[in-house]
Asker: 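Following this message is one structure expressed as structure tokens.
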Amino acid sequence: MTTSNRILLGVNIDHVATLRQARGTRYPDPVKAALDAEEAGADGITVHLREDRRHIQERDVLLLKDVLQTRMNFEMGVTEEMMAFAERIRPAHICLVPETRQELTTEGGLDVAGQEARIKAAVERLSKIGSEVSLFIDADERQIAASKRVGAPAIELHTGRYADAETPAEVAEELKRVADGVAFGLAQGLIVNAGHGLHYHNVEAVAAIKGINELNIGHALVAHALFVGFKSAVSEMKALILAAAKA
Ligand SMILES: CC(=O)[C@@H](O)[C@H](O)COP(=O)(O)O
Ligand SMILES: NCC(=O)COP(=O)(O)O
């Protein structure tokens, strides 16, 4: 079981593309954001090619594949279109996520337990291209155990409920849910990542949970970058999570 205090920062650049798509311009370019993020200490770059293409486009993923110095974490729904695209680009990491066309953002985790055969087939197929496959799931023992059974080497725990919690009691309850999920995942021999809705004001408690491999953070970084620049936004976040993990 890993209990080191090393923690990685995966920078999600989806919402740089959201701003570009709002006007159909060529700017701001998520590829430039990715390169700036790497210079500022990002350990990896996350992109979610949504079925509706509301932010990241194929062009972004193809360019990133050529220029990234770190590694790509490619988030995708479990569809034939995405499986074929992933086979073409062979990202270092693939995270399978649930997708609902009308949702504002990824509202919950993938129901692995409810569709084990389908997810197992996807994990097997994507593992053949050399990608490390992770499943974006709620911090729920049933889903974590199912993730282990379908052969995924990694999971990413959805921290959205923690991020959205309002009262101190709710925050504590959701944080405990994430911490328990991390411990259970590690005990199953899984690599445990976490992300969604993490911000400068709520990230430290999650980064302090021992054994988390990587935090994936996007929306808050892009929002903060409007005021301080992308490199500063990333380096501030990186410093916060490293300090919290060491504490
Ligand atoms: C799966 C996940 O958490 C990220 O891809 C995040 O969802 C990106 O932002 P949107 O959900 O707003 O597309
Ligand atoms: N998988 C979570 C992610 O990549 C970033 O989510 P958010 O910080 O944009 O909410």
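These numbers come from the heavy atoms of this one structure, side chains and all, not from hydrogens, waters or symmetry mates. Numbering of ligands and ligand atoms starts at 1, following listing order.
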Asker: Which of the atoms in ligand 1, numbered in the order shown and given with their element, are less than 4.0 Å from a heavy-atom of Asp14?
Answerer: 5 (O), 8 (C), 9 (O)
Asker: Using the side chain to side chain donor-acceptor pair (under 3.5 Å) definition, which of the options Glu99, Glu103, Glu75, Gln57 pairs with Arg50?
Answerer: Glu103
Asker: Compare Leu221, Asn216, Val203 and give the one whose heavy atom is closest to atom 5 (C) of ligand 2.
Answerer: Asn216
Asker: Work out whether the distance between some heavy atom of Glu103 and some atom of ligand 1 is less than 4.0 Å.
Answerer: no
Asker: Heavy-atom contacts with His219 under 4.0 Å: which atoms of ligand 2 show up? List them by number with element.
Answerer: 7 (P), 8 (O), 9 (O)
Asker: Decide whether Asn213 and Asn193 meet the rule of one side-chain donor and one side-chain acceptor closer than 3.5 Å.
Answerer: yes
Asker: Going by heavy atoms in the side chains, are Ile212 and Ile209 under 4.5 Å from each other?
Answerer: yes
Asker: Please write down residue, atom name and distance for the protein heavy atom closest to atom 9 (O) of ligand 1.
Answerer: His15 NE2, 3.1 Å
Asker: Check whether any N or O atom of Glu156, backbone or side chain, sits under 3.5 Å from an N or O atom of ligand 2, and answer yes or no.
Answerer: yes
Asker: Note the single closest protein heavy atom to atom 6 (O) of ligand 2, along with its residue, its atom name and the distance in Å.
Answerer: His196 CA, 3.6 Å
Asker: Indicate yes or no: at least one non-hydrogen side-chain atom of Val123 is less than 4.5 angstrom from one of Leu135.
Answerer: yes
Asker: Say whether Glu156 and His196, considering side chains only, have a donor N or O and an acceptor N or O under 3.5 Å apart.
Answerer: no
Asker: Return the residue, atom name and 0.1 Å-rounded distance of the protein heavy atom closest to atom 11 (O) of ligand 1.
Answerer: Thr105 OG1, 2.6 Å
Asker: When you look at NE2 of His224, are more than 12 heavy atoms from neighbouring residues, nucleotides or ligands closer to it than 6.0 Å?
Answerer: yes
Asker: Does the gap between the ring centers of His93 and Phe74 come in under 6.0 Å?
Answerer: no
Asker: Heavy-atom contacts under 4.0 Å between His48 and ligand 2: side chain, backbone, both, or neither?
Answerer: neither
Asker: What is the nearest protein non-hydrogen atom to atom 7 (O) of ligand 1, stated with its residue, atom name and distance?
Answerer: Thr106 OG1, 2.8 Å
Asker: Is Thr46 close to Val11 at the side-chain level, that is, under 4.5 Å between some pair of heavy atoms?
Answerer: no
Asker: Among protein heavy atoms, which sits nearest to atom 3 (O) of ligand 1, and what does the distance come to when rounded to 0.1 Å?
Answerer: His196 ND1, 2.7 Å
Asker: So, Arg177 and Glu173, do they make that salt bridge, N to O below 4.0 Å?
Answerer: yes
Asker: Decide yes or no for Val47 and Leu64: does some side-chain heavy atom of the first lie under 4.5 Å from some side-chain heavy atom of the second?
Answerer: yes
Asker: Which of the numbered atoms in ligand 2 are under 4.0 angstrom from any heavy atom belonging to Ile217?
Answerer: 8 (O)
Asker: Does any N/O atom on Thr46 come nearer than 3.5 Å to any N/O atom on ligand 2?
Answerer: no
Asker: Report yes if some heavy atom in the side chain of Glu214 is under 4.5 Å from a heavy atom in the side chain of Ile7; otherwise report no.
Answerer: no
Asker: With heavy atoms of Glu75 as the reference, note each atom of ligand 2 found under 4.0 Å away.
Answerer: 1 (N), 2 (C), 4 (O)
Asker: Going by the order shown, which atoms of ligand 1 are within less than 4.0 Å of some heavy atom of Asn12?
Answerer: 4 (C), 5 (O), 8 (C)
Asker: Looking only at distances, please establish whether an N/O atom of ligand 2 is found under 3.5 Å from an N/O atom of Gly218.
Answerer: yes
Asker: Work out whether the distance between some heavy atom of Gly197 and some atom of ligand 2 is less than 4.0 Å.
Answerer: yes
Asker: For ligand 2, which atoms have a heavy atom of Asn12 less than 4.0 angstrom away?
Answerer: 3 (C), 4 (O), 5 (C)
Asker: Looking at Arg20 and Asp60, does any basic side-chain N land under 4.0 Å from a carboxylate oxygen?
Answerer: yes
Asker: Under 4.0 Å from a heavy atom of His55: which atoms of ligand 1 are those, numbered in the order shown and with their elements?
Answerer: 10 (P), 13 (O)
Asker: Within the 4.0 Å heavy-atom shell around Glu75, which atoms of ligand 1 are there?
Answerer: 1 (C), 2 (C), 4 (C), 5 (O)
